[in-house]
S.K.: 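Dumping the structure here so I can ask a few things about it.
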Amino acid sequence: MSNLKSFSNILDGVDGHYLPSFFIIQLDTNIDPLQFNKNNLTHTIVHEFVHFIQDTSTCYGLTNISATYARAFNFYNIPDKEIKLPYQFIGNVRNELINRRLFKKYFNRTKIDISTPPKEPLIKPEFPINNINVKITSKKGKIKDFYHTVLTFFITIWMSKSPVKRLYNFGSHAIMEGMAAAIEDKLYPPSVPKSCNFAPYDLPKAVIKSIYPDMENDNAFLVALCDASLMYYNSAEIFIKTLRKMKREEFSYNNLNEIYEYCFNYLKPDNKNVKDFFIENVNNAKSAINNMVNAPRPEYYQARDWIIDIIEDYKNLRLNDFSFLSKIMTLPQKQALQEMRNLTNRKSSPFIVNNEIKFGAFGNITQTQKEYGFYWFNLYRMYDFLFESKAVMCPFWDYCGHGDGVCEDKPWLVDKNKGFYCNYEQFAQMFALYKRKIKNK
């Protein structure tokens, strides 16, 4: 057994997740990511790499990037002299509030609910494969700002098989996970047939089975329709509307691009051509990153330019062939795996970080480029510290190596003249924390 094969087998059991807007796959392992090369694709790597492509080459992902960095940029300019973390925008940046609420509804995380006989678990992601009834419901909701009212649809799916009934949300969360799971299963077919389905990964297939059962077993169709739907803000609504129209017209296709063309010709995002809408979102994302990462320091702007080049590269891939990813589903398994390796070995690959905060990437990577990953990971940690985390402590304490009790718990109180390089101090300057007092106890 070669070292390469042994390494891959170890990684097959590793869990991981992708950090949207920060271009990093985080793996739950201590294995050094620099050991990765073109042969080290696994279930987890493929799944999370698909999320990276969704992040950098779909309108949904690019708009989310824009919103993330616009939020950070808005924080820099808030008038508050005192703040409490995690910081909440309340009225002072109204557009930020509107965007955040909209994307929360569009994402519509797949919450798990269940109604069962007594003594059954209250939460289960599993649902049966066969003999189930699927009911799709849409609830209209309005989000207002100063100029207009935005109408959104909150989609839920009822699945019932006596005596079990389950209710799932259906949004971009399910679209993205369903697409990634289908590609993962194509490249690494399950060794045994599935005994049940799982939410959110199998929800798109359940929707297809309910609306257009003739397409239920066509996983290439599923991936292409998911991918096309992510060219809109409200991906789940687009997915369902397009599927219903396809059923009415008995749609069939000869190549995957016909699925994209059908969807794009049927529904116009903001009354625009999808190609123009996509280019607009690419430019918005690059502008938002430029606005946020504008410090005149090489380690900052080089890392910024690296990511902007990635977004530009995927723009060109999309414009050349919208189905550049989904077409993998039409190839024989070995050829499909090689095509995925070709994608991962482009210069446009995400960074990989392990539990020891060591970085790597696919293909050849220089020491300087490895440090780009460290920058984006630090930026993610600082963003989480400011806006998301309930545990308000130094976001870098677990790998800083210099911390003490005060430094970890209240880094904003520590003397700036520490005598060593401090990640917190550097990123606090980027977010203008020196302008305001943190009131957390």
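Atom set for the values below is all heavy atoms of this structure, side chains included, hydrogens, waters and symmetry mates excluded.
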S.K.: Could you tell me if the ring centre of Phe427 sits under 6.0 Å from that of Phe385?
M.R.: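 No; Phe385 has its ring centre 6.0 Å or more from that of Phe427.
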S.K.: State whether the side chain of Glu48 and the backbone N or O of Ile25 hold a donor-acceptor pair below 3.5 Å, judged by distance alone.
M.R.: no
S.K.: In terms of ring plane angle, is the pair Tyr188 and His43 parallel, tilted or perpendicular, where the classes change at 30° and 60°?
M.R.: tilted
S.K.: Are Ile289 and Ile311 close enough that some pair of their side-chain heavy atoms sits under 4.5 Å apart?
M.R.: yes
S.K.: Please check this pair: side chain of Lys186 against backbone of Leu331, looking for a donor-acceptor N/O pair closer than 3.5 Å.
M.R.: yes
S.K.: Could you check whether any side-chain heavy atom of Leu27 comes within less than 4.5 Å of a side-chain heavy atom of Ile45, counting everything from C-beta outward?
M.R.: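 In contact.
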S.K.: Is the distance from the ring center of Phe374 to that of Phe359 below 6.0 Å?
M.R.: yes
S.K.: Which pair of heavy atoms, one from Cys226 and one from Met179, lies closest together, and at what distance?
M.R.: CB-CB, 3.8 Å
S.K.: How are the rings of Tyr314 and Phe324 set to each other: parallel, tilted or perpendicular (split at 30° and 60°)?
M.R.: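 Because their plane-to-plane angle lies in the 30° to 60° range, the rings of Tyr314 and Phe324 count as tilted.
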S.K.: Assess the side chains of Lys205 and Asn219: does a donor N or O sit below 3.5 Å from an acceptor N or O?
M.R.: yes
S.K.: Heavy-atom distance under 4.5 Å between the side chains of Gln302 and Tyr375, does that happen here?
M.R.: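 The answer is no; the side chains never approach within 4.5 Å.
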S.K.: Supply the atom-to-atom distance Asp218 CG to Glu216 CD, rounded to the nearest 0.5 angstrom.
M.R.: 11.0 Å
S.K.: Taking the side chain as every heavy atom from C-beta outward, state whether Arg318 and Thr58 have any pair of such atoms under 4.5 Å apart.
M.R.: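 Yes, side chains in contact.
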S.K.: Without swapping roles, check the side chain of Trp376 against the backbone of Ala303 for a donor-acceptor pair under 3.5 Å.
M.R.: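 Between the backbone of Ala303 and the side chain of Trp376 there is a qualifying donor-acceptor contact (under 3.5 Å).
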S.K.: Parallel, tilted or perpendicular: which describes the rings of Tyr262 and Phe251, with under 30° parallel and over 60° perpendicular?
M.R.: tilted
S.K.: State, to 0.1 Å, how close Pro204 and Gly178 come at their nearest heavy-atom pair, and which atoms those are.
M.R.: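 Residues Pro204 and Gly178, closest heavy atoms: CG-CA, 3.9 Å.
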S.K.: Using side-chain heavy atoms (C-beta onward) and a distance below 4.5 Å, is Ile208 in contact with Leu243?
M.R.: yes
S.K.: Nearest 0.5 Å please: distance from the CD atom of Glu312 over to the CG atom of Asp305.
M.R.: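 Reported value, rounded in 0.5 Å steps: 12.0 Å.
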S.K.: Under a plain distance cut-off of 3.5 Å, with no hydrogens placed, do Ser21 and Tyr383 share a side-chain donor-acceptor pair?
M.R.: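 Note: Tyr383 and Ser21 side chains miss the donor-acceptor criterion.
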S.K.: With side-chain hydrogen bond (donor to acceptor under 3.5 Å, both in side chains) as the criterion, how do Thr29 and Asn354 come out once you've worked through the C-alpha distance, each side chain's angles and the decisive distance to 0.1 Å?
M.R.: CA-CA 6 Å; Thr29 179; Asn354 69 1; over 6 Å; no
S.K.: On a heavy-atom basis, which atom in Thr63 and which in Cys59 lie closest, and how many Å separate them?
M.R.: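 So the minimum-distance heavy-atom pair works out to OG1-O, 2.6 Å.
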S.K.: Stepwise, does the side chain to side chain contact (heavy atoms under 4.5 Å, CB included) test hold for Ile53 with Val50?
M.R.: CA-CA 5 Å; Ile53 293 178; Val50 171; 5.6 Å; no
S.K.: So, does Asp384 use its side chain to make a donor-acceptor pair with the main chain of Tyr380 at under 3.5 Å?
M.R.: no
S.K.: Look up atom CD in Gln26 and atom CG in Asp28, then write down how far apart they are to the nearest 0.5 Å.
M.R.: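 Here the rounded value is 8.5 Å.
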S.K.: Are more than 12 heavy atoms, taken from residues, nucleotides or ligands other than Glu249, located less than 6.0 Å from that residue's CD atom?
M.R.: yes
S.K.: Determine whether a donor-acceptor pair (N or O, by modelled atom type, separation under 3.5 Å) exists between the side chain of Asp227 and the backbone of Val223.
M.R.: no
S.K.: Set out, in order, the CA-CA distance, both residues' side-chain angles and the distance that settles side chain to side chain contact (heavy atoms under 4.5 Å, CB included) for Met430 and Leu379, then state yes or no.
M.R.: CA-CA 10 Å; Met430 177 181 291; Leu379 186 59; 3.9 Å; yes
S.K.: Looking at Asn169 and Arg109, would you say the former's side chain and the latter's main chain have a donor-acceptor pair under 3.5 Å?
M.R.: yes
S.K.: For atom NZ of Lys275, is the number of surrounding heavy atoms from other residues, nucleotides or ligands below 6.0 Å larger than 12?
M.R.: no
S.K.: Might you point out which heavy atoms bring Phe387 and Arg71 nearest each other, and give the distance in Å?
M.R.: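 Answer, listing the atom of Phe387 first, then Arg71: CB-NH1, 3.3 Å.
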S.K.: Rounded to the nearest 0.5 Å, how far apart are CG of Asn291 and CZ of Arg304?
M.R.: 10.0 Å
S.K.: Hey, are Asn378 and Tyr399 close enough side-chain-wise for a donor-acceptor pair under 3.5 Å?
M.R.: yes
S.K.: Minimum heavy-atom separation for Ala288 to Tyr69, with atom names?
M.R.: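 So the two residues come closest at O-CB, 3.7 Å.
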S.K.: Let's go through Ile238 and Tyr233 carefully: what are the C-alpha distance in whole Å and the side-chain angles of both, what is the deciding distance for side chain to side chain contact (heavy atoms under 4.5 Å, CB included) to 0.1 Å, and is it a yes or a no?
M.R.: CA-CA 9 Å; Ile238 299 298; Tyr233 303 137; over 6 Å; no
S.K.: Using only atom types and a distance under 3.5 Å, with no angle test, would you say the side chain of Ser323 pairs donor to acceptor with the backbone of Ser326?
M.R.: no
S.K.: Between OG of Ser252 and CE of Met215, what distance do you get to the nearest 0.5 Å?
M.R.: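 The distance works out to 6.5 Å.
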S.K.: Take the angle between the ring planes of Phe23 and Phe52 and call it parallel below 30°, perpendicular above 60°, tilted in between.
M.R.: perpendicular
S.K.: With heavy-atom distances below 4.5 Å as the criterion, would you say the side chains of Leu187 and Met340 are in contact?
M.R.: yes
S.K.: For Pro395, does its backbone N or O pair with a side-chain atom of Arg381 as donor and acceptor, under 3.5 Å?
M.R.: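 Side chain of Arg381 to backbone of Pro395, a donor-acceptor pair under 3.5 Å: yes, one is there.
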S.K.: Could you check whether the rings of Tyr260 and Phe322 sit parallel, tilted or perpendicular, using 30° and 60° as the cut-offs?
M.R.: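 Aromatic pair Tyr260/Phe322 classed tilted.
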S.K.: Crowded around Lys268 NZ? As in, over 12 foreign heavy atoms under 6.0 Å?
M.R.: yes
S.K.: Could you check if a side-chain atom of Leu317 sits within less than 4.5 angstrom of a side-chain atom of Asn320, using non-hydrogen atoms only?
M.R.: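 A side-chain contact is absent here, since even the closest heavy-atom pair is not under 4.5 Å.
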S.K.: Taking the side chain as everything from C-beta on, heavy atoms only, tell me whether Phe278 gets closer than 4.5 Å to Leu62.
M.R.: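 Yes. Closest side-chain heavy atoms under 4.5 Å.
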S.K.: Look at the side chain of Asn74 and the backbone N and O of Ala70, then say whether any donor-acceptor pair between them is shorter than 3.5 Å.
M.R.: yes
S.K.: So, Phe277 versus Phe264, ring centres under 6.0 angstrom or not?
M.R.: no
S.K.: Say you draw a straight line from CD1 of Ile24 to NE2 of His17; how long is it, rounded to the nearest 0.5 Å?
M.R.: 9.5 Å
S.K.: Step by step, work out the side chain to side chain contact (heavy atoms under 4.5 Å, CB included) result for Thr56 and Asp313.
M.R.: CA-CA 9 Å; Thr56 55; Asp313 186 43; over 6 Å; no
S.K.: Does Tyr232 offer a backbone N or O that forms a donor-acceptor pair with the side chain of Ser235 under 3.5 Å?
M.R.: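 A pair under 3.5 Å: yes.
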S.K.: By side chain to side chain donor-acceptor pair (under 3.5 Å), which residues pair with Lys272, not counting sequence neighbours?
M.R.: Glu280
S.K.: Indicate the atoms forming the closest heavy-atom contact of Ile136 with Ser210, along with that distance.
M.R.: CD1-OG, 4.3 Å
